[in-house]
Structure formats: structure tokens, C-alpha cells
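Heads up, the thing below is written out as C-alpha cells.
Predicted, not measured: the structure shown is a model, and the values here were computed from it. Remember, it's 1-based here, ligands and their atoms both numbered in the order they're listed.
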Amino acid sequence: MTNIILIGYMGSGKSEVAKALGMLKGIIPLDLDTYIEKEEKKSISQIFDQEGAVYFRKKEAFYLEEVLDLESPKIIALGGGTPCFGTNMDRLKNDIHTTTIYLKTAIDTLTDRLFLERHKRPLLAAIQTKDKLHEFIRKHLFERVFYYAQSDYTLVTDAKNPMEIAQEILKLSQPLAS
Ligand code: S3P
């Protein structure tokens, strides 16, 4: 089995899909944000507040490399920004043991999901209204789709639960399921 790397905007369900996929495959999934929090002994919000975004992105690239080097096979949920900085996406694309899957979610769905939990996410915490959040996501996603769309597969996730998405991932191609 190749490594399966889940890519997508905040709120696209990467972590939940990784858990469902892990259950189906009998593998404990990895969540890059959780891994960073454990290694740095701070929440993602604390890292952004205390060390800044540049420090976070450096650490994110460092720990991405570290988790990719762990013993295979792996299911990894990345952070929403991971593929969009430095050489991270090229690194993933050049790894023949890795399959990247973009979980594509509509802006309306992302806005609904993220509005109530925006305080937990440093990039969204200061946004006051749902309209402003919608506008922010629309612009941000426009910039990021360039990277997300370089994934090996794109799966539309709207109106599907994590287990349904995980089952679709297994059906995508035989090498992923074997
Ligand atoms: C970020 C997404 C977050 C986390 C950090 C930055 C981003 O991960 O890595 O807050 O730049 O989109 P999730 O997508 O898991 O929320």
C-alpha cells in the first residue's frame, strides 16, 4: 500500500476522513497538526501567537519530512496550508510511495463548518461575521487551489460523511487498496 496523504482547506474533513480510512485499513492515522502540537508541546494557536506564522511554516515542513520518514504505510491528514508553502507539494508529488488526495469542499459548506470553530484556528480567529468568513475563504481558496489541484486525486466531499469518503478513497485505484 502506498502512503495516503489527505489535502484540503480547513474544515474539509481531513482528520475525520483519515480516522475513517484508518479504521478500514487497520492503520493508526497521523494528523500533522496533532503531531506538531505534541512535538512542540504547544497548541497550533499558541505556536502562531508566540512564535509567529513563519516559525510555524518552518516547523510544519520539518515535521512533514519527519512523518514521511516514519515506517510505511501511512495515512496522513495534512494541515490546510501544508501543501501551499515551500517545496512541500513538490516533495509529495516526487514521492513515488505517496498518493495525494484533495478533499474538495464547497465554500458554503466550509463557511458553515468553520464559523463556530474559527476561534481555534489562528488564521480565522479575528473574523467577526459569517459573510466576512465566506469572503475570506473564497479568496484564500482561490490562492490555494493552485497547490491542492496538483494532488493525484480530487474527491468532492459535500453531503458525504467521513466513512463514505474513506470508502471512495479505497475504490479510487487498486494499488491504494492493496
Ligand atoms: C492552517 C490549517 C490548520 C493548521 C493551521 C494553519 C492553514 O490545519 O495547520 O491553523 O494554513 O490552513 P487544519 O486544516 O487541520 O485546520
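Near I44, with a cut-off below 4.0 Å to any heavy atom, the atoms of ligand 1 are 5 (C), 10 (O). Atoms of ligand 1 found under 4.0 Å from any heavy atom of D33 (numbered from 1 in listed order, with element): 3 (C), 4 (C), 8 (O), 9 (O), 13 (P), 15 (O). Short contacts between ligand 1 and R121, defined as distances under 4.0 Å to a heavy atom of the residue, involve ligand atoms 16 (O). Against a heavy-atom cut-off of under 4.0 Å, L123 is close to the following atoms of ligand 1: 7 (C), 11 (O). The P122 neighbourhood of ligand 1 comprises atoms 10 (O), with distances under 4.0 Å to a heavy atom of that residue.
A distance of 13.0 Å separates OG1 of T129 from CZ of F136, quoted to the nearest 0.5 Å.
R144 pairs by the side chain to side chain contact (heavy atoms under 4.5 Å, CB included) definition with Y9, R57, C84, F85, L123, H140, Y148, not counting sequence neighbours. Contacts of E66 classified as side chain to side chain contact (heavy atoms under 4.5 Å, CB included), with partners at least two apart in sequence or in another chain: Y35, E39, F62, Y63.
By the criterion of a heavy-atom distance under 4.0 Å, the side chain of R144, and not its backbone, is placed next to ligand 1. With a heavy-atom cut-off of 4.0 Å, L32 does not touch ligand 1 at all.
You'll find the side chain of S151 reaches within 4.5 Å of the side chain of M89, heavy atoms only. Contact of the E60 side chain with the L64 side chain is not registered, since no non-hydrogen atoms from C-beta on lie closer than 4.5 Å.
By the criterion of side-chain heavy atoms lying less than 4.5 angstrom apart, applied directly or through intervening Ile, Leu, Val, Met, Phe, Trp or Tyr residues, I76 is not grouped with L24; the two fall into different hydrophobic clusters.
Looking at ligand 1, you won't find any N or O of G8 less than 3.5 Å from one of its N or O atoms.
Ligand 1 has R57 within reach: a non-hydrogen atom of the residue lies less than 4.0 Å from it.
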Run the salt bridge (Lys or Arg N to Asp or Glu O under 4.0 Å) check on E37 and K42 step by step: do they pass?
CA-CA 5 Å; E37 289 180 329; K42 281 177 187 169; over 6 Å; no
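When only non-hydrogen protein atoms are considered, atom 1 (C) of ligand 1 lies nearest to G81 N, 3.9 Å.
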